[in-house]
Asker: 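The structure follows.
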There are 2 protein chains.
Amino acid sequence: MDRDELLKLDNQLCFTIYACSREIIRIYRPFLAELGLTYTQYVVLLVLWEKDDITLKELGEHLYLDSGTLTPLLKKMEAAGLLFRQRSHDDERHIFIRLTEQGKELKNAAYETLQKAFCNMPISMEEASSIREQLKSLLHRLPSVRG
Amino acid sequence: MDRDELLKLDNQLCFTIYACSREIIRIYRPFLAELGLTYTQYVVLLVLWEKDDITLKELGEHLYLDSGTLTPLLKKMEAAGLLFRQRSHDDERHIFIRLTEQGKELKNAAYETLQKAFCNMPISMEEASSIREQLKSLLHRLPSVRG
DNA sequence: CGCAATTAGATTGTATCAAATCTAATCTGT
DNA sequence: ACAGATTAGATTTGATACAATCTAATTGCG
């Protein structure tokens with residue numbers, strides 16, 4: 001590909017993914033607002049609903065986020081009554097994150113809300129699934145700072 | 001799909017795109033730093049290298065970004081000597097963005113740098129192109145605040 | 001043991017993003 | 001002409017992201 005072609009916005013996979021990410025989150029935003037959640041708070045809960053009582057580090061590995069992002073986010077969610085942050089007795093360097101009852105309860109409302117949000121997405125389950133698997137394959141191949 | 005399946009992080013197209021976006025930008029970051037650019041500054045230049053002398057609004061339409069993001073970004077790039085911001089004489093509500101010679105020059109270095117960056121991506125041109133077209137198709141179907 | 005290296009998390013500073021609001025300029029219908 | 005609606009940008013505020021740096025705790029090894 002020549003210079004001008006390679007540098008066209010339209011030919012950039014990275015930009016397409018970047019733009020898609022922001023536009024999809026924009027669509028989710030009003031639905032998540034009904035739950036009182038931001039998008040990042042929502043994905044934190046997705047992890048905890050699957051596996052509760054994990055360390056901040058493990059949470060960050062699932063989400064590809066570091067402590068600089070998670071620490072203030074989790075403090076806000078703790079203040080909102082969604083979860084607890086508790087240092088490990090064995091090794092005080094670890095912080096364990098546990099859902100409150102309220103945090104666990106929210107899963108039901110989230111399920112209803114997310115179904116509505118998905119209906120607003122002009123894409124079939126099959127197409128979504130196909131693109132998702134292709135991107136997951138790419139994501140797992142990418143060199144990571146987390147090894 | 002039942003409740004637990006639907007709410008699994010692994011089954012979320014939106015999260016996969018969101019994580020991919022950040023991880024790819026992370027890979028680009030050190031390469032762009034060689035050019036003295038952040039990722040957002042780089043995509044602004046991609047647009048201007050294709051079509052110079054456009055309004056802030058048109059720039060925002062290409063990038064899916066609004067003035068709240070672009071105004072401070074463009075002021076920083078103006079201060080860095082990459083572009084000029086100039087109000088239209090005909091309609092002073094419009095700001096035209098024009099590259100400086102330095103801004104135009106940077107395209108050559110960016111081409112070299114981006115080739116290097118792409119070599120670091122564990123993906124073939126064909127696969128990248130295929131995923132890109134699928135995501136562009138989705139992106140163009142999404143309802144937009146910009147109509 | 002005792003010290004260097006490692007590790008987890010917190011903090012700080014910079015750079016996005018986006019919703020809401022504001023100002024100035026232009027357009028529209030009568 | 002002119003009031004009301006629309007439009008383009010700027011500003012403000014709040015929420016991420018992330019690199020770099022710091023602190024405290026733990027581990028590895030001679």
Side-chain angles (χ1 to χ4, degrees), chain A residues 14-15 18-33 36-44 54-61 63-80 85-97 144-147, chain B residues 14-15 18-33 36-44 54-61 63-80 85-97 144-147:
Chain A
C14 59
F15 173 73
Y18 165 73
C20 249
S21 171
R22 284 183 291 111
E23 290 299 296
I24 295 179
I25 289 174
R26 185 203 307 280
I27 292 176
Y28 273 56
R29 191 168 295 121
F31 294 98
L32 292 174
L37 297 174
T38 64
Y39 184 75
T40 321
Q41 290 172 3
Y42 164 64
V43 294
V44 165
I54 58 176
T55 63
L56 186 150
K57 182 180 171 60
E58 187 178 350
L59 183 61
E61 283 167 354
L63 297 173
Y64 300 86
L65 291 171
D66 68 11
S67 70
T69 299
L70 287 176
T71 295
L73 185 74
L74 292 171
K75 283 184 175 175
K76 227 169 288 176
M77 293 176 76
E78 183 176 41
R85 295 161 67 256
Q86 195 166 42
R87 287 204 181 267
S88 164
H89 294 304
D90 297 340
D91 184 340
E92 294 208 350
R93 291 171 304 178
H94 292 81
I95 289 244
F96 278 87
I97 314 296
S144 167
V145 285
R146 281 164 269 270
Chain B
C14 59
F15 174 73
Y18 163 75
C20 249
S21 172
R22 285 183 291 110
E23 289 300 296
I24 295 179
I25 289 174
R26 185 203 307 280
I27 292 175
Y28 273 56
R29 190 169 294 122
F31 294 97
L32 293 174
L37 297 173
T38 64
Y39 184 76
T40 323
Q41 291 172 0
Y42 163 66
V43 293
V44 165
I54 58 177
T55 63
L56 185 150
K57 182 180 170 61
E58 187 178 349
L59 182 60
E61 283 167 356
L63 297 173
Y64 299 84
L65 291 172
D66 68 8
S67 69
T69 300
L70 287 176
T71 296
L73 185 74
L74 292 171
K75 282 184 175 173
K76 226 170 289 176
M77 292 175 76
E78 184 176 39
R85 295 161 66 255
Q86 195 165 42
R87 287 205 180 266
S88 163
H89 293 305
D90 297 339
D91 185 340
E92 294 207 350
R93 290 172 305 180
H94 292 82
I95 289 247
F96 279 88
I97 313 295
S144 168
V145 284
R146 282 164 269 271

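Letters go in sequence order (proteins before strands), and every chain restarts at 1. What you are looking at is a predicted structure, and each value in this text was computed from that prediction instead of being measured.
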Asker: Could you tell me how far apart A/Tyr39 (OH) and C/dC17 (P) are, to the nearest whole angstrom?
Answerer: 15 Å

Asker: Determine the contact category for B/Thr69: base if any of its heavy atoms lies under 4.0 Å from a base atom, sugar-phosphate if only primed atoms, P, OP1 or OP2 are that close, otherwise nothing.
Answerer: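 Base, at least one base atom sits under 4.0 Å.
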
Asker: For A/Arg87, which residues count as a salt bridge (charged side-chain N to carboxylate O under 4.0 Å, His left out) partner, sequence neighbours excluded?
Answerer: none

Asker: Answer yes or no: does a side-chain N or O of A/Lys75 lie under 4.0 Å from OP1 or OP2 of D/dA15?
Answerer: no

Asker: What integer distance in Å separates A/Leu65:CG from C/dA10:P?
Answerer: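 Going from A/Leu65 (CG) to C/dA10 (P), I get 14 Å.
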
Asker: Select base, sugar-phosphate, or nothing to describe what B/Tyr18 touches, counting heavy atoms under 4.0 Å on all strands.
Answerer: sugar-phosphate

Asker: If only side-chain N and O atoms of A/Arg85 are considered, is one of them under 4.0 Å from the OP1 or OP2 phosphate oxygen of C/dA10?
Answerer: yes

Asker: Between A/Asp90 and B/Gly68, which has a closest nucleotide on DNA chain D that is more 5'?
Answerer: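 Residue closer to the 5' terminus by nearest nucleotide: B/Gly68.
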
Asker: Under 4.0 Å: is that the gap between some side-chain N or O of A/Thr71 and OP1 or OP2 of C/dA10?
Answerer: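 For C/dA10, OP1 or OP2 has a side-chain N or O of A/Thr71 closer than 4.0 Å.
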
Asker: Check side chain to side chain donor-acceptor pair (under 3.5 Å) between A/Tyr28 and all other residues, then give those that pass, not counting sequence neighbours.
Answerer: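 Listed in chain order: nothing, the list is empty.
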
Asker: Just wondering, do B/Leu70 and B/Val44 contact through their side chains at under 4.5 Å, heavy atoms?
Answerer: yes

Asker: Can you tell me if B/Arg87 touches the phosphate of D/dG9, counting only side-chain N or O atoms and a distance under 4.0 Å to OP1 or OP2?
Answerer: no

Asker: For a quick check of understanding: with a heavy-atom distance under 4.0 Å over all strands, which category does A/Leu70 fall into, base, sugar-phosphate or nothing?
Answerer: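 The answer is nothing, as A/Leu70 stays clear of every strand by at least 4.0 Å.
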
Asker: With under 30° as parallel and over 60° as perpendicular, where do the rings of A/Phe15 and B/Tyr64 fit, or are they tilted in between?
Answerer: tilted

Asker: Tell me, which stems hold DNA chain C, with a stem being 3 or more Watson-Crick or G-U pairs in a row and both distances under 3.5 Å?
Answerer: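 For DNA chain C the paired stretches long enough to count as stems (3 pairs minimum) are C:1-30 with D:1-30.
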
Asker: When rounded to the nearest 0.5 angstrom, what is the spacing between OG1 in B/Thr71 and CG in B/Asp66?
Answerer: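 With rounding to 0.5 Å, OG1 (B/Thr71) is 8.5 Å from CG (B/Asp66).
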
Asker: What residue pairs, at least two apart or across chains, pass salt bridge (charged side-chain N to carboxylate O under 4.0 Å, His left out) with a residue in residues 88-97 of chain B?
Answerer: B/Asp91-B/Arg93

Asker: Looking across every strand, which nucleic acid part, if any, lies under 4.0 Å from B/Gln41 by heavy atom: base, sugar-phosphate, or nothing?
Answerer: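 Since only primed, P, OP1 and OP2 atoms lie under 4.0 Å of B/Gln41, the category is sugar-phosphate.
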
Asker: Tabulated below should be each protein N or O lying under 3.5 Å from an N or O of nucleotides 4-7 of chain C; please produce it.
Answerer:
from: C/dT7; atom 1: O2; to: A/Arg93; atom 2: NH1; distance (Å): 3.0

Asker: Name all residues meeting the salt bridge (charged side-chain N to carboxylate O under 4.0 Å, His left out) criterion together with A/Arg85; count only those two or more places apart in sequence or in a different chain, and write none if there are none.
Answerer: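 Applying salt bridge (charged side-chain N to carboxylate O under 4.0 Å, His left out) to A/Arg85 gives A/Glu78.
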
Asker: OP1 or OP2 of D/dC18 sitting under 4.0 Å from any side-chain N/O of B/Arg22?
Answerer: yes

Asker: Please report the distance, rounded to the nearest Å, between CD1 in A/Ile24 and C1' in C/dC17.
Answerer: 16 Å

Asker: Quick one: B/Met77 CE to C/dT14 P, roughly how many Å, whole number?
Answerer: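 Atom CE in B/Met77 sits about 19 Å away from atom P in C/dT14.
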
Asker: Tell me which nucleotide among C/dA10, D/dC18, C/dA25 gets nearest to the side chain of B/Glu92.
Answerer: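 Side chain of B/Glu92 sits closest to C/dA25.
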
Asker: CG/B/Leu59 to CG/B/Leu74 distance, rounded to the nearest 0.5 angstrom?
Answerer: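 Separation between the atoms: 6.0 Å.
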
Asker: Can you check the A/Leu59 CG to D/dT16 C1' distance for me, whole Å?
Answerer: 15 Å

Asker: Can you figure out which of C/dA19, D/dA15, D/dA25 approaches the side chain of A/Asp91 most closely?
Answerer: D/dA25

Asker: Counting only distance, no hydrogens or angles, is the base of D/dA10 paired donor-acceptor with the side chain of B/Ser67 under 3.5 Å?
Answerer: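 A donor-acceptor contact between them is present.
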
